[in-house]
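The next block holds one structure in the form of structure tokens; read it before the comments.
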Amino acid sequence: MTLRRSMLFVPGSSAAMLSTAFIFKPDSVMFDLEDAVSLREKDAARLLVYRTLKMPLYDGIERVVRINPLSSPFGHDDLQAAVRGGADVIRLPKTNTADEVHELEAAVAEVERDCGREVGSTRLMAAIESASGVVNATSIATASPRIVGIALAGFDYVMDMQTTRGDGTELFYARCAVLHAARAAEIDAFDVVFPDLNDEEGFMKEVELIKRLGFNGKSLINPRQIELLHNAYAPTQEDVDYARRVVAAAEQAEADGLGVISLNGKMVDAPVVENAKRVLNRAAASGLRK
């Protein structure tokens with residue numbers, strides 16, 4: 001089971017953060033060559049990220065590189081460095097259409113062939129940052145078998161919608177659209193960054209919301225949020241105990257040749273059994289909630 005609860009943003013121009021972020025144990029780390037890097041630092045950041053990808057510091061952590069758009073002067077150079085460096089996932093910013101995913105897919109394959117990397121081994125992630133991206137979320141999510149997830153980026157989206165971040169009402173439709181697209185494509189969905197680093201209560205309230213909606217995880221800009229997020233996503237002992245009873249009842253029903261699963265006198269249908277298995281897999285991978 002691949003856990004993608006946390007994706008920590010690391011500016012590609014920060015040598016200090018590139019050399020230390022792994023100690024916080026995020027599920028994914030995103031080396032950012034786009035918005036976090038000024039124009040005059042683009043070339044230096046690209047080289048730093050390439051060298052970081054070549055080092056064993058991040059073994060066991062999924063390495064994502066956010067490149068600049070391919071239409072920019074930097075996108076193709078970013079892609080060369082990321083794929084040749086061995087990035088696990090390329091994150092495409094400001095994705096508005098499936099055609100942009102197709103363009104990226106073709107460009108990645110070309111670099112893979114050129115550098116001797118197995119074609120198809122580099123995965124993709126699309127960032128949804130506009131009204132157009134939200135409307136086209138399903139076609140984007142299903143555009144390539146390389147896509148492992150889509151991420152909603154809140155700041156640019158609310159600017160495009162001519163509003164501001166507030167209590168979450170302004171993001172509700174976009175969250176639902178992105179999440180439904182991810183589920184239809186059977187890929188993961190990442191929620192937006194929580195901008196106030198000092199508001200732990202607000203952060204946890206938002207985490208509970210996106211967890212209930214069904215998001216796999218959340219983009220983060222501060223490592224202090226990682227442990228809080230992981231703990232919130234961990235199942236409780238009560239969750240695990242119930243899941244074990246459900247799975248045991250399903251196995252017993254199958255052994256007895258019964259088409260109906262019963263637990264404590266109540267019928268249990270297939271989706272409940274599948275969810276129980278997910279709970280047990282998550283507990284095995286992440287441990288129990290503290």
Side-chain angles (χ1 to χ4, degrees), residues 4 6-24 26-96 99-129 133 144 146-151 153 155-156 190 193 219-223:
R4 293 191 176 96
S6 56
M7 182 166 57
L8 179 66
F9 281 45
V10 177
S13 55
S14 175
M17 292 186 68
L18 289 170
S19 62
T20 59
F22 67 92
I23 67 175
F24 300 106
D27 292 330
S28 305
V29 61
M30 194 199 74
F31 303 132
D32 189 9
L33 295 174
E34 196 217 7
D35 286 348
V37 180
S38 67
L39 291 178
R40 60 185 176 85
E41 294 180 304
K42 293 290 188 185
D43 292 341
R46 189 181 304 119
L47 181 58
L48 279 172
V49 168
Y50 173 80
R51 289 177 173 172
T52 302
L53 289 168
K54 287 291 189 180
M55 300 174 69
L57 297 173
Y58 290 91
D59 285 352
I61 299 174
E62 186 174 58
R63 299 161 304 157
V64 182
V65 177
R66 179 164 75 169
I67 64 172
N68 285 275
L70 293 181
S71 59
S72 75
F74 314 105
H76 284 277
D77 288 340
D78 292 346
L79 190 62
Q80 287 279 348
V83 175
R84 290 175 184 273
D88 299 307
V89 182
I90 304 299
R91 174 162 161 157
L92 182 66
K94 301 175 176 62
T95 312
N96 292 321
D99 287 343
E100 294 167 354
V101 177
H102 296 151
E103 181 187 10
L104 176 61
E105 182 180 38
V108 169
E110 183 178 350
V111 179
E112 287 172 335
R113 284 191 291 268
D114 190 53
C115 71
R117 184 169 175 176
E118 180 185 353
V119 175
S121 61
T122 310
R123 314 300 282 177
L124 307 179
M125 180 180 295
I128 307 298
E129 307 186 34
S144 168
R146 290 181 185 253
I147 294 185
V148 296
I150 52 176
F155 180 77
D156 283 1
F190 282 94
V193 163
S219 300
L220 306 174
I221 55 174
N222 192 295

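Only this structure's heavy atoms are used, side chains among them; waters, hydrogens and symmetry mates stay out.
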Heavy atoms, side chains only, cut-off 4.5 Å: are Ile150 and Met125 in contact? no

Supply the atom-to-atom distance Arg84 CZ to Cys115 SG, rounded to the nearest 0.5 angstrom. 5.0 Å

Residues Lys94 and Glu34 bridged, charged N to O under 4.0 Å: yes

Rounded to the nearest 0.5 Å, how far does CG of Asp32 lie from CZ of Phe9? 6.5 Å

Determine whether the side chains of Glu129 and Thr95 contain a donor N or O and an acceptor N or O closer than 3.5 Å. no

Taking all heavy atoms of Ala21 and all of Leu8, pick out the closest pair and write down the distance. CB-CD2, 4.2 Å

Side chain to side chain contact (heavy atoms under 4.5 Å, CB included) between Asp35 and Arg66, intermediate numbers included: CA-CA 9 Å; Asp35 286 348; Arg66 179 164 75 169; 3.7 Å; yes

Which is it for Met30 and Ser219 under the side chain to side chain contact (heavy atoms under 4.5 Å, CB included) test, yes or no, and what are the steps along the way? CA-CA 9 Å; Met30 194 199 74; Ser219 300; over 6 Å; no

Ignoring hydrogens, what is the shortest heavy-atom contact between Pro93 and Ala127? Give both atom names and the distance. CA-CB, 4.0 Å

Do Val65 and Val49 have side chains that approach each other closer than 4.5 Å (heavy atoms only, starting at C-beta)? yes

Looking only at atom types and distance, does a side-chain atom of Asn68 sit under 3.5 Å from a main-chain N or O of Ser72, one as donor and one as acceptor? no

Tyr58 side, atom OH; Thr52 side, atom OG1 - distance, nearest 0.5 Å: 6.5 Å

Among Arg91, Glu62, Arg63, which residue meets the side-chain hydrogen bond (donor to acceptor under 3.5 Å, both in side chains) test with Ser28? Glu62

Rounded to the nearest 0.5 Å, what's the gap from CG on Leu48 to CD on Glu41? Could you check? 9.5 Å

Tell me whether the centres of the aromatic rings in Tyr50 and Phe31 are closer together than 6.0 Å. no

What I'd like to find out is whether the side chain of Leu18 reaches to under 4.5 Å of the side chain of Arg51, using heavy atoms alone. no

Side-chain heavy-atom pair Val108, Leu79 within 4.5 angstrom cut-off: yes

To the closest 0.5 Å, what do you measure between CG (Leu104) and CD1 (Ile147)? 8.5 Å

Please determine whether salt bridge (charged side-chain N to carboxylate O under 4.0 Å, His left out) holds for the pair Arg4 and Asp27, giving the CA-CA distance in whole Å, both sets of side-chain angles, and the decisive distance to 0.1 Å. CA-CA 5 Å; Arg4 293 191 176 96; Asp27 292 330; over 6 Å; no

Is the CD atom of Glu110 crowded by more than 12 outside heavy atoms at less than 6.0 Å? no

Can you check salt bridge (charged side-chain N to carboxylate O under 4.0 Å, His left out) on Asp88 and Arg123, steps first, answer last? CA-CA 6 Å; Asp88 299 307; Arg123 314 300 282 177; over 6 Å; no

Quick check: does any side chain N or O of Arg113 sit under 3.5 Å from a backbone N or O of Val119, one acting as donor and the other as acceptor? no

Between Ser14 and Pro11, is there a donor-acceptor pair closer than 3.5 Å when you use the side chain of the first and the backbone of the second? no

Under a 3.5 Å distance rule, please check whether Arg117 uses its side chain to pair with a backbone N or O of Val83 as donor and acceptor. yes

Residue pair Met7 / Leu220, side-chain heavy-atom distance below 4.5 Å: no

Considering all heavy atoms of both residues, which atom of Gly120 and which atom of Glu112 are nearest to each other, and what is their separation? N-OE1, 2.9 Å

Taken to the nearest 0.5 Å, the spacing of Asp77 CG from Asp43 CG works out to 7.5 Å

Do Leu124 and Val89 come close enough that some side-chain heavy atom pair is under 4.5 Å? no

